Colleague: 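Below: one structure in structure tokens.
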Protein chains: 2
Amino acid sequence: MNIGQAASASGLTAKMIRYYEQMKLIIPAHRTESSYRTYSDSDVNTLRFVRRARDLGFSVEQMKSLIALWRDRSRASGDVKSIALEHIAELERKAASIHAMIHTLKHLATHCHGDERPDCPIIDGFASATATDDALPPINARFGLNGMKTD
Amino acid sequence: MNIGQAASASGLTAKMIRYYEQMKLIIPAHRTESSYRTYSDSDVNTLRFVRRARDLGFSVEQMKSLIALWRDRSRASGDVKSIALEHIAELERKAASIHAMIHTLKHLATHCHGDERPDCPIIDGFASATATDDALPPINARFGLNGMKTD
DNA sequence: TATTGACCTTCCAGTAGGGGGAAGGATTAT
DNA sequence: ATAATCCTTCCCCCTACTGGAAGGTCAATA
């Protein structure tokens, strides 16, 4: 199986598979004489594992740990659980931040009649102090989504 | 007022102010003879406007539109509202995606005893088909957070 | 006055997680 | 035979910044 077929079988793209190989998340694929990458069914299982972890928002670094634990027959399930719980906590922080934005925006939007008149509570809300100032912590104390795939 | 003072007055950093100037989000600041940037109270108002919009998750491109509308005395409030509503919809998609991740992860985590035994439903869930496969749409149909600051 | 320290300037590099596309070789279908 | 579709590596692009180097400037102190 070449990279394109492995890609559609796993739900990743060929670009992603090469990227993960380069990042040392996955073991370099075997090559044909003409240096085409080849994938076995077992390799595709690994790729599917990666895709599922990625779909759950794990970073490449986190996935490295998860794959190492996956391959380790003597792993402690507590190690896996702690990674998962930490990730859940991070996701919940992100969700809370997004909900705070939605809340403020909806509040502003419901007071905007949204016609041709220039009077606009949304713009006015941005231009003067609103709940936003208090709703979000200081700029440097915040946490980032950092390229996380909520795709 | 120089850039450091404008930064603390607005809640941005000096780096961000220079970046926004470079990106043409804000008008280049006046300079002293020794090419220090100087900011008036009015300039700081603009910076505060930018910070609030940023805190609500708007991208630099969206903020360009919002600032243009802010400065346009004859703007239609409907134009502002449509930008805001579109942004709310985007935020809600992101939130739904994150909640789906949390849901799946919590489901897996509650079935993991989390001790020294190697048996781990979380890892097993990644390795074989789970609700994840159905919970998320195909990889190319997804939407991204793309550097958005949920910081 | 000299010097220190806290500013400021520009520029370059790097981040995460890839996407896009060029240049060129390989394989496959007609 | 030839065209279409793969594959390879390579490098640049994206967002929204942050960090740091090299160097100029300004205010206070010894």
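Order of the sequence lines sets the chain letters (A, B, ...), proteins ahead of strands, with each chain counted from 1. Predicted model, so just to flag it, every value in this text is computed and none were measured.
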Colleague: If you only use heavy atoms from C-beta on, which nucleotide in dT8(D), dT18(D), dG17(C) is closest to the side chain of Met16(B)?
Modeller: dT18(D)
Colleague: Check this for me: does any side-chain nitrogen of one of Asp119(B) and Arg117(B) sit under 4.0 Å from a carboxylate oxygen of the other?
Modeller: no
Colleague: When the distance from CD1 of Ile3(B) to C1' of dC8(C) is rounded to whole Å, what number comes out?
Modeller: 9 Å
Colleague: Look at the side chain of Arg54(A) and decide which nucleotide, out of dT9(C), dC6(D), dG18(C), has an atom nearest to it.
Modeller: dG18(C)
Colleague: How does protein contact run along nucleotides 19-27 of chain D, one letter per nucleotide 5' to 3', with B for base contact, S for sugar-phosphate only, - for none, heavy atoms under 4.0 Å?
Modeller: BB---BBS-
Colleague: Which nucleotide wins on minimum distance to the side chain of Arg31(A), given the candidates dT9(C), dC17(D), dT9(D)?
Modeller: dT9(D)
Colleague: Kindly point out which of dA16(C), dA16(D), dT18(D) is positioned nearest to the side chain of Thr13(B)?
Modeller: dT18(D)
Colleague: So, OP1 or OP2 of dA26(C): does either fall under 4.0 Å of a side-chain N or O from Arg37(A)?
Modeller: no
Colleague: Could you pull out the closest heavy-atom pair between Arg31(A) and Thr38(A), with the gap in Å?
Modeller: N-OG1, 4.4 Å
Colleague: Judged by atom type as modelled, is there a donor-acceptor pair below 3.5 Å linking the side chain of Arg48(B) to the main-chain atoms of Ala9(B)?
Modeller: yes
Colleague: Please give, in whole Å, the distance from dG18(C) P to Ile26(A) CD1?
Modeller: 11 Å
Colleague: Round to the nearest Å and state the distance from Arg18(B) atom CZ to dC12(C) atom P.
Modeller: 16 Å
Colleague: With a 3.5 Å cut-off and no angle check, do the side chains of Asp43(B) and Ser40(B) form a donor-acceptor pair?
Modeller: yes
Colleague: Looking only at side-chain atoms of Tyr20(A), point me to the closest of dT9(D), dG18(C), dC7(D).
Modeller: dG18(C)
Colleague: To the nearest Å, how far apart are Gln22(A) CD and dT8(D) C1'?
Modeller: 13 Å
Colleague: Is it true that a side-chain atom of Arg51(A) and a backbone atom of Ser10(A) form a donor plus acceptor pair closer than 3.5 Å?
Modeller: yes
Colleague: In whole angstrom, what separates Phe58(A)'s CZ from dG17(C)'s C1'?
Modeller: 17 Å
Colleague: How many whole angstroms separate atom NE2 of His30(A) from atom P of dT8(D)?
Modeller: 15 Å
Colleague: In whole Å, I'd like the distance from the CD atom of Glu21(A) to the P atom of dC7(D).
Modeller: 14 Å
Colleague: Picking from dA16(D), dG17(C), dC7(D), which would you name as closest to the side chain of Val60(A)?
Modeller: dG17(C)
Colleague: Rounded to the nearest angstrom, tell me the gap between atom CD in Glu61(B) and atom C1' in dC14(D).
Modeller: 12 Å
Colleague: Under 4.0 Å between a side-chain nitrogen and a carboxylate oxygen: does that hold for Glu61(A) and Lys64(A)?
Modeller: yes
Colleague: If I compare all heavy atoms of Arg52(A) with all of Gly125(B), which pair ends up nearest, and what's the gap?
Modeller: CD-O, 4.0 Å
